[in-house]
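In this text, all values refer to a predicted model and were calculated from it rather than measured experimentally. Protein chains get the first letters and strands the later ones, always in sequence-line order, with residue 1 at the start of each.
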Amino acid sequence: MDIVMCVAEKPSIADAIAKALAKSTVSTRGGSPRTHEFRGRFGGASCEYRVTSVLGHCFNLDFAPAYRDWDGCDPSELWDAPVVRVPSNGSVLRNLRETAKDCDALVLFLDCDREGEAIAFQVMDVTQSELRPGATVHRAKFSAVTPADIEKAMATLGEPDERLSEAVIARQELDLRVGVAFTRFTTRHFQSKYAGLDARTLSYGPCQTPTLGFVVRREDEIATFEPEPYWFPDAALEVDGAFADATWARGRCFDRSVAAALCRGAAAAGVATVVESTAGTSTKAPPLPFNTVDLLKAASRVLRLSPAMAMKHAEHLYLDGFLSYPRTETNKFPPSMDLRAAIEQQAGDARWGAHAADLLERSAWRRPKRGLDAGDHPPITPTAPAPPGVLNGKAAALYDLVTRRFLASVSEDAAYADQRVAVDLAGERFVVERRALVAPGFLDVLRPHRDDDAGPPLFLELPAVGARPRAKCAAAPREATTRPPERLSEADCVALMEKHGIGTDASIPSHIENVCKRLYVAVDGKSRRLRPTELGTVVCRGFLRVDASLVLPEVRAAIEAACDLIAGGEAPREAVVAHCVANFAAKYAHLAAHVDAMEQLFDAVYAERPEDDASRSAFSRCGLTGHYLHLVPRPQRLYDPATKDVVDLPRPGSVAASNGRRCPACRSELLWYGLRDGAGDAAKTATYPLCGACYDAALRRRRRRRGAPTPGDDDGDGGAVGAGRARARAALRALARSWREPPDPRAPTLERRTRRAGRRGYSRRGGPSSSPSSTRPSPPAAPSGRGGAPSSS
DNA sequence: GCAAGGTC
């Protein structure tokens, strides 16, 4: 009897597959990930199934070991440094190999997206040598994890698509090279130049940096906002014997004298003429069920939960069986999903059970027609009842949020009665409107999250057109001032990231968390609004100043578009990667050559901070200058307040002062350098005498030999700091405008390379050639003699 | 110490 191996992307899907395919009792072995064994049918014959899973990617991409050490190479070498696949989890690979032994068929049940396709090829690589000779390999495509969909997938098996996998490998390689090269360069350069810089890493990434850009951009909009006064008439209309506020149809007026003249006329008139008088009904459709980004936005707005915390709770609720899989783009229920059963599950709940029971009793629930089926996982819904007390704290609140949203999504529209009366008062139109809730529909269950409750109708009896109600208007207009936008909320940031394709539903929370961990952004716990820190502002504006395209969201779009070419079979991976790497290497060289423009901003913030100098005390004395040096943390280094020189110290390890003993070579005071050896309780700290000056000099010699820049060696800027700060302030003012200005023409751009590529005669297959203003890269040159992008000429 | 993408 044949043995058939199925591999899913996560244990829960392996469980579902086993449940759907088993024709006998299922025996489960192994811890994480587990393997299910049972009898079933495959290709019309009886077979033995082994169903197991991986845990996401089996391999991670990294540089070859020689390039992982920060001091091992110059960051510019990373553009063509070798990269290698590193297994991400040994037990997953072992399990795959053991399970694959003697199997006659491999069915790849990975998620049906690009990443899943890449994992499918990893699984093939790992299992290939263990499968029986001549074993067949199949790709299962499922749109929902239900028995029906799984059986359908088994009946319509296809082949894995290597182009999708290649696109993922290209994306991994580009993210690695770009992120690590830029991060090492900025970290090294600025850390060894500014002692006031209190951050371990100055990171750059094609997702995290545009995310930071969103936050800084909003802050700049607020900072450069110029409030403008405006005026409007303060009018009221008599309605059923009482006066009600009337809204001026034109809204507001920025010319005070015009508004004043208008008010004088209206005040003198005293009587208005009804020109429009209508009553009607309107409805509001219920919200769609949650996909991941909608859940993150609501959790931040309603529960004050960060996206990372929201995902953490959602994952736990999923693993405990209370919620469906929380990472999905889909907000349309699959036709196979039993909505009635899901509603019934909630009918006994003390909080929303009455609403659910009412829907069932009247058969009033319905399957929403709108929404997107992204083909990944169903919307996020409750999968088991959780009566009050079963869950606690934020997990309970998140379950409440998801369940109410689910019930709302299958509920009826809310219905309103609307009244609208428009009048003419001294030649100007004013409006009185009222909306009253008639039938709450889905709003009933969204309480307490609903915000648009409305009172009773305003007009007991609508006036007729041509009626002449009394009106009053203040003789002087009301004055108000335009207000700047608010800081970016976490929910706004998630929405911007989704809109610009920054990160995925699964990774968006980590990017926001990242910019916070890097001390670039701070979150106000109460309002969940994001504020850039001094460091975040300087880093972002620095990049923006030298090459805006590194910060703007197009940097991610360009990488994605390049990978799309591979996925669509329009260009081979090697050519696309080479094209993009050359592009980013040019940007790197430009940044390194013009880093002084970034330094001017850092100068204003970090070069000279009297409070820093005052709060530190002399730690060690330099033998060459006789100056007392301060110890600066994160990362630990010595700082000479007189010369602004920085002396790098080894990492990891601790340093302590050593009672005036001096280095025999340079006469500097020696330090005690402590390094922990071993792990846990057995760890011992070995202590060595260390000369900071000699260590720093050796480090600089080593970097110079490797061609790395050695910041601080030749700047000689000790006396010019004051002038630098003035320049920096002027630059900061100019920068607030730079979001709107075209990028620096000197900076290498994706557009320029695209045009060059276009001249070589490559364009998108079947589509128009890239326009010069497009940031979408055109397919790069294919290696000669092999199937690549065809020439359009 | 570094990216972003899966998942735990």
Side-chain angles (χ1 to χ4, degrees), chain A residues 8-14 31-34 53-63 67-73 75 78 81 83 87-89 91-92 110-123 164-165 167-189 191 199-211 292 311-312 314-316 318-320 325-327 376-377 497 501-515 517-519 550 555-556 559-560 563 584 634-637 648 650-653:
Chain A
E9 195 160 316
K10 41 192 163 279
S12 63
I13 293 196
S32 175
R34 47 190 176 267
S53 78
V54 292
L55 303 170
H57 281 269
C58 307
F59 296 96
N60 192 15
L61 205 65
D62 201 353
F63 289 109
Y67 295 85
R68 287 180 205 163
D69 176 7
W70 283 53
D71 287 321
C73 71
L78 297 174
V83 291
S88 15
N89 186 328
S91 71
V92 168
L110 289 308
D111 289 0
C112 299
D113 54 20
R114 220 178 257 186
E115 299 293 331
E117 212 67 21
I119 301 171
F121 278 85
Q122 296 169 8
V123 170
L164 300 186
S165 171
V168 169
I169 296 170
R171 199 262 310 141
Q172 289 174 326
E173 187 176 335
L174 290 171
D175 282 339
L176 177 71
R177 291 192 194 277
V178 172
V180 176
F182 278 92
T183 298
R184 284 192 194 169
F185 172 76
T186 50
T187 303
R188 268 269 182 275
H189 185 87
Q191 232 166 39
R200 251 174 236 287
T201 313
L202 296 191
S203 60
Y204 173 85
C207 285
Q208 60 171 265
T209 306
T211 303
T292 305
M311 277 320 281
K312 201 194 93 180
E315 272 157 19
H316 278 132
Y318 156 69
L319 290 171
D320 291 342
Y325 189 67
R327 286 187 279 264
D376 46 1
H377 298 271
M497 293 173 77
I502 306 295
T504 66
D505 47 10
S507 71
I508 280 175
S510 72
H511 298 311
I512 297 180
E513 202 180 27
N514 235 344
V515 292
K517 273 193 197 150
R518 298 274 179 267
L519 308 177
L550 289 172
V555 69
R556 189 72 200 153
I559 292 177
E560 294 288 349
C563 294
F584 278 104
R634 278 184 297 264
Q636 61 183 354
R637 53 219 201 269
D648 279 343
R651 277 172 276 175

Step-by-step salt bridge (charged side-chain N to carboxylate O under 4.0 Å, His left out) determination, A/Asp175 to A/Arg556: CA-CA 10 Å; A/Asp175 282 339; A/Arg556 189 72 200 153; 2.7 Å; yes
salt_bridge(A/Arg327, A/Asp376) N-O dist < 4.0 Å: no
Closest contact, heavy atoms only, A/Phe63 versus A/Arg68: O-NE, 2.7 Å
Sugar-phosphate, base or nothing in reach of A/Tyr204, heavy atoms under 4.0 Å: sugar-phosphate
Touch class at under 4.0 angstrom, heavy-atom based, for A/Asp111 against every strand present: sugar-phosphate
Touch class at under 4.0 angstrom, heavy-atom based, for A/Pro206 against every strand present: sugar-phosphate
Touch class at under 4.0 angstrom, heavy-atom based, for A/Arg114 against every strand present: nothing
Under-4.0 Å salt bridge between A/Arg171 and A/Glu560: no
Sugar-phosphate only, base, or nothing, as touched by A/Thr504 at under 4.0 Å among non-hydrogen atoms: sugar-phosphate
Distance in Å, A/Leu550 CG paired with A/Thr209 OG1, rounded so as to fall on 0.5 Å steps: 8.0 Å
Touch class at under 4.0 angstrom, heavy-atom based, for A/Tyr67 against every strand present: nothing
Boundaries of the chain A footprint along DNA chain B (any atom under 4.0 Å from a heavy atom): B/dG1 to B/dC8
Sugar-phosphate only, base, or nothing, as touched by A/Leu55 at under 4.0 Å among non-hydrogen atoms: base
Sugar-phosphate only, base, or nothing, as touched by A/Leu319 at under 4.0 Å among non-hydrogen atoms: sugar-phosphate
Sugar-phosphate, base or nothing in reach of A/Gly503, heavy atoms under 4.0 Å: sugar-phosphate
Mutual orientation of the aromatic rings belonging to A/Tyr318 and A/Tyr325 [parallel < 30°, tilted 30-60°, perpendicular > 60°]: perpendicular
Sugar-phosphate, base or nothing in reach of A/Glu9, heavy atoms under 4.0 Å: sugar-phosphate
